[in-house]
Amino acid sequence: QQQQQQQSQYHHDPRARNCMEIMPVLQSAEQPAAEGMAQAGDEMELRGFASRFRARRLELRLTQVQVGQAIGQMGMPDFAQSTISRFEKLTLSYENALKLRPYIEKWMDLSDKDALSLCSAAAAAAA
């Protein structure tokens, strides 16, 4: 029955007048679904990353302000506390979260190696 519905869908599609024209119609119908599934997977991965970032920040006993300043001390733009908070909660748009992610990844990589000096630099800048 599902196959009949698919056939009738493409049979009535004015863009598909013959068999050779059905393939592009089929492919265009499948492409948005595949992209949506890929983005959903990416969003889940981003959600996991934001969770790991927050856990790392809390493990180091850092405030969101300190992390934002530490990122700035690494030669990247300072992030406001509200930006860090919105990233952790993923209340930013997906596109904006993706733009911030490389900076936060770099901070996480460096925090594993040298957490205390990054925090000291941020604290000195705040004083």
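The structure displayed is predicted, hence computed values, not measured ones. The residues of the chain are indexed from 1 along the displayed sequence.
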Visitor: Can you establish whether the number of heavy atoms outside Y103 located under 6.0 Å from its atom OH is more than 12?
Guide: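 At most 12 heavy atoms, drawn from other residues, nucleotides or ligands, come within 6.0 Å of this atom.
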
Visitor: Within the supplied structure, the quantity of interest is the number of heavy atoms (other residues, nucleotides, ligands) at a distance under 6.0 Å from R54 CZ; does it exceed 12?
Guide: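 Check fails, neighbour count at 12 or below.
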
Visitor: Before accepting this row, confirm whether a basic side-chain N of the pair R56/E88 lies closer than 4.0 Å to the acidic partner's carboxylate O.
Guide: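 Salt bridge: no.
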
Visitor: Between L92 and L98, is there a shared hydrophobic cluster once you connect ILVMFWY residues whose side-chain heavy atoms come closer than 4.5 Å?
Guide: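 Yes, it is one cluster - the side chains of L92 and L98 are joined through contacts under 4.5 Å.
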
Visitor: Quick one: does S111's side chain have a donor or acceptor within less than 3.5 Å of a partner on M108's backbone?
Guide: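 Yes; judged by distance alone, with no hydrogens or angles, the pair exists.
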
Visitor: Side chains of Q81 and I84: does their closest heavy-atom pair fall under 4.5 Å?
Guide: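 Counting from C-beta outward, Q81 and I84 never come under 4.5 Å.
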
Visitor: Linking I/L/V/M/F/W/Y whenever their side-chain heavy atoms sit closer than 4.5 Å, directly or via other members, would M76 and V67 fall into one cluster?
Guide: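 Per the 4.5 Å side-chain linkage, M76 and V67 are co-clustered.
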
Visitor: How about CZ on R47, more than 12 heavy atoms from neighbouring residues, nucleotides or ligands closer than 6.0 Å, or not?
Guide: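 No, because the 6.0 Å sphere around CZ of R47 holds 12 heavy atoms or fewer from other groups.
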
Visitor: Which of these, L100, I104, D78, sits in a side-chain contact (heavy atoms from CB on, under 4.5 Å) with I71?
Guide: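 With I71 as partner, L100, I104, D78 yield a single side-chain contact (heavy atoms from CB on, under 4.5 Å), made by I104.
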
Visitor: Would you compute the distance between atom CD of E105 and atom CZ of F49 and round it to the nearest 0.5 angstrom?
Guide: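 The CD atom of E105 sits 4.5 Å away from the CZ atom of F49.
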
Visitor: CE of M74 to CH2 of W107: how many Å apart, nearest 0.5 Å?
Guide: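 It is 8.5 Å, given to the nearest 0.5 Å.
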
